[in-house]
Amino acid sequence: MNILDTLSSTEQKLDNSEKIKIYLCGVTVYDESHIGHARTIIVFDVLRKYLENKNIQVELIQNFTDVDDKIINKAKEENVSAQEISNRYIENYFRDFDKLNIKHATNYPKATEHIEDIIQFIKKLIDKEIAYVSDNGVYFSVSKFPEYGKLSKKKIDELKSGSRIQVDETKKDPLDFAVWKFSDTEPLWDSPWGKGRPGWHIECSVMSMKYLGGNFDIHGGGRDLIFPHHENEIAQSEAHSDCQFAKIWMHVGMVTIMGEKMSKSLGNTKSIKFVLENWGPNIIRLFCLSGHYSKVIDYSEELLKENLTKWRQVETCYFELIHANSNQQEDISEKIKNIGNEFDKSLEDDLNTHLALSAFFQLVKETNRLAASEKLGIENAKIIMSEFERISNILGLKIPQMNQEEKNKIDNLILGREKFREEKQFEKADEIRDKLNEMNIELIDHKGKTIWMKKEKIKKDC
RNA sequence: GGUACUCUGGCAGAACGGUUAUGCGUGAGCCUGCAAAGCUUAUACAAGGGGGUUCGACUCCCUCGGGUACCUCCA
């Protein structure tokens with residue numbers, strides 16, 4: 001599998017070894033997660049599920065940054081502890097992302113639970129004279145890391161001249177960044193240099209190394225993390241270990257809205273909670289996977305609606321498959337195999353989810369074509385269903401299931417309707433159809449039989 | 001200002017140095033008691049502008065222009 005690596009700007013082969021180690025920069029937990037966060041995490045979820053489908057073990061570490069100025073400010077505003085804030089939003093995180101059908105990471109380490117590791121890490125940096133203690137904290141000395149800027153392709157002197165950073169006189173160099181900030185208000189921890197808290201960036205260096213070792217396969221996150229976050233992580237980590245940090249840097253493009261970046265600071269976010277309520281998880285996933293992960297996608301109701309149409313086709317396909325009972329058979333195994341290969345090939349090529357989705361929709365189309373011509377036999381349905389399930393698993397799409405009782409009820413109503421239709425009592429037949437519609441059951445009248453499908457409830461459906 | 005990415009048909013969006021992408025939408029038809037869903041079929045002078053390389057460029061190079069992101073916290 002090839003992945004576009006931000007550091008080398010080329011596609012790098014992902015070792016198809018038995019295990020792939022991935023570190024994904026998660027969220028700072030001070031507010032509701034929005035659809036931009038969802039995109040990044042969905043992309044990595046698909047990557048992970050694809051690899052696992054190929055029997056490659058994946059160790060995925062995704063951090064929570066739970067100590068940060070924004071958390072502290074919010075805590076002050078609400079007059080509660082920082083921990084209460086971070087706990088609340090971690091809870092919300094799982095509330096949202098579980099609904100989005102994201103498989104849990106191997107581990108979700110938190111900065112506050114790794115203070116001792118962080119202190120040890122900083123100690124070594126100071127011992128190596130790469131970091132120094134000043135009045136305000138401990139700083140990483142950028143000049144000690146000659147390759148600084150290699151990820152974001154920035155030149156050090158240009159950074160200096162264009163610097164909008166408030167010049168902190170206690171720093172030796174304006175580009176130096178804090179690994180430890182002195183403070184005398186909560187949250188704070190003891191350190192050999194003074195009470196305070198870790199700076200941003202340091203926790204990812206420490207925790208990735210702790211859980212994945214020095215040189216792991218993929219480090220990922222949103223594009224906006226390239227600078228300064230990932231740049232600083234590389235500097236700290238490589239200065240610390242003298243070894244290459246991540247092998248591949250994989251960055252997911254931004255979600256914009258009306259052409260503008262969706263971000264908390266701009267106040268133009270659509271929270272996952274909101275979008276879930278209106279469109280449900282499957283449409284969000286289809287939307288997030290509709291373009292190449294590295295590019296921008298623009299959030300709009302129109303696009304979500306387009307994906308609703310697609311989702312309805314997927315649902316139709318699924319229910320055609322489970323109701324298949326035609327005696328006619330057409331040999332389709334080769335065709336289905338090709339579609340599966342096409343799907344895999346697309347993902348192998350830098351996780352081209354858009355092409356992979358095209359392959360999936362070919363499968364859907366093929367099924368619906370067979371069903372329309374009364375040629376969807378049980379054997380064929382089995383073959384297709386197995387591929388359908390494999391693909392929807394990787395993409396994280398999920399048809400809502402229902403219990404037997406509900407199914408029986410539907411079948412009985414349909415039988416009643418059939419009777420009225422035979423007797424040409426269409427008004428009564430239509431009443432039953434309407435009743436089923438209210439239950440989100442849609443009837444599909446084929447020549448010889450009527451099948452039903454349970455449609456996912458979508459608020460924005462109209 | 002610097003850096004990166006990007007500019008493809010009404011919309012979304014891929015691949016590829018030479019072949020119809022694909023999907024949505026739209027038109028027509030089939031199916032139906034009527035619908036819905038689905039199917040069939042048709043539809044798009046497509047490549048930001050201008051140069052160049054080439055037998056041939058959407059694809060490579062140069063240049064001009066637009067957009068977005070980053071350069072401060074950010075997925």
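Bear in mind the structure is a predicted one, so any value in this text is a computation, not a measurement. Lettering follows sequence order; numbering is per chain, from 1.
Figure legend. A15(B) is base-paired to no nucleotide; pairs are counted as Watson-Crick or G-U wobble with both atom distances under 3.5 Å. Across every strand in view, A47(B) sits unpaired, with no contact that passes the Watson-Crick or G-U test at under 3.5 angstrom. A57(B) is unpaired under the Watson-Crick or G-U wobble criterion, no partner having all donor-acceptor distances under 3.5 Å. In this structure U68(B) sits in a base pair with A4(B), meeting the Watson-Crick or G-U test at under 3.5 Å. In this entry U40(B) has A28(B) as its Watson-Crick or G-U wobble partner, both defining distances falling under 3.5 Å. Base pairing of C34(B) is not made with any nucleotide, judged by Watson-Crick or G-U wobble geometry with both donor-acceptor distances under 3.5 Å.
Of the candidates C11(B), C73(B), A75(B), the closest approach to any side-chain atom of Glu306(A) belongs to C11(B). Out of A12(B), G33(B), G38(B), the shortest distance to the side chain of Thr316(A) is found at G38(B). Minimum atom distance to the side chain of Lys153(A) is reached by U3(B), of the listed C71(B), U3(B), A36(B). Side chain of Pro228(A), nearest nucleotide from A75(B), U72(B), G33(B): U72(B). Candidate nucleotides C70(B), A75(B), C34(B) were compared by shortest atom distance to the side chain of Phe227(A), and C70(B) ranks first. The side chain of Phe426(A) sits closest to G33(B) out of C73(B), G33(B), U40(B). Taking only side-chain atoms of Asn352(A), from C-beta outward, the nucleotide of C31(B), A14(B), A35(B) with the closest atom is A14(B). Candidate nucleotides U40(B), U22(B), A75(B) were compared by shortest atom distance to the side chain of His37(A), and A75(B) ranks first. Listed nucleotides: G25(B), G2(B), G38(B). Nearest to the side chain of Lys154(A): G2(B). Taking the side chain of Arg369(A) as heavy atoms from C-beta on, and the options A75(B), C39(B), A14(B), the nearest nucleotide is C39(B).
Between Tyr108(A) and Phe94(A), the ring centre distance stays below 6.0 Å. Checked against the 6.0 Å centroid threshold, His354(A) and Tyr293(A) do not count as a close aromatic pair. The ring of His230(A) has its center no closer than 6.0 angstrom to the ring center of Phe227(A). The aromatic ring centroids of Tyr211(A) and Tyr23(A) lie 6.0 Å or more from each other. For Phe216(A) and Phe245(A), the gap between ring centers is short of 6.0 Å.
Applying the 3.5 Å distance criterion, the base of G38(B) shares no donor-acceptor pair with the side chain of Gln313(A). Under 3.5 Å, the side chain of Arg223(A) and the base of A75(B) form no donor-acceptor pair of N or O atoms.
Rounded to an integer number of Å, the gap from CG of Leu289(A) to P of A14(B) is 12 Å. Between Glu366(A) atom CD and G23(B) atom P the separation is 13 Å, expressed in whole Å. Residue Arg417(A) contributes atom CZ, which lies 13 Å from atom P of A35(B) at whole-angstrom precision. Rounded to whole angstrom, the span from the CG atom of Asp349(A) across to the P atom of A21(B) amounts to 20 Å. Between the CZ atom of Phe361(A) and the P atom of G38(B) there is a distance of 12 Å, given to the nearest Å.
Comparing His292(A) and Asp430(A) along RNA chain B, the residue whose closest nucleotide (by nearest heavy atom) sits nearer the 5' end is His292(A). In terms of position along RNA chain B, the nucleotide closest to Leu355(A) lies nearer the 5' end than the nucleotide closest to the other residue of the pair Leu355(A) and Lys455(A).
Note: Phe145(A) and Phe140(A) have perpendicular aromatic rings, judged against thresholds of 30 and 60 degrees for the angle between ring planes.
Of the C1' atoms belonging to A14(B) and U41(B), the separation is 24 Å, rounded to the nearest Å. Only the P atoms considered, A21(B) is 12 Å distant from C45(B), to the nearest whole Å. Taking atom P on both G66(B) and U54(B), the two are 31 Å apart, rounded to the nearest angstrom.
One finds no side-chain N or O of Thr256(A) lying less than 4.0 angstrom from the OP1 or OP2 phosphate oxygen of A69(B). In this model, the phosphate group of C70(B) is approached by a side-chain N or O of Lys261(A) to a distance below 4.0 Å at OP1 or OP2. Residue Lys295(A) places none of its side-chain N or O atoms closer than 4.0 Å to OP1 or OP2 of A69(B).
With a 6.0 Å cutoff to the six-membered ring centre and a 45° limit on the axis angle, Lys454(A) does not count as a cation-pi contact of Tyr318(A).
When heavy atoms are screened at a 4.0 angstrom cut-off, Lys155(A) is found touching no nucleic acid atom at all. Residue Arg433(A) is in base contact, counting any heavy-atom pair closer than 4.0 Å across all strands shown. Nucleic acid contact for Gly36(A): base, since at least one base atom lies under 4.0 Å from a heavy atom of the residue.
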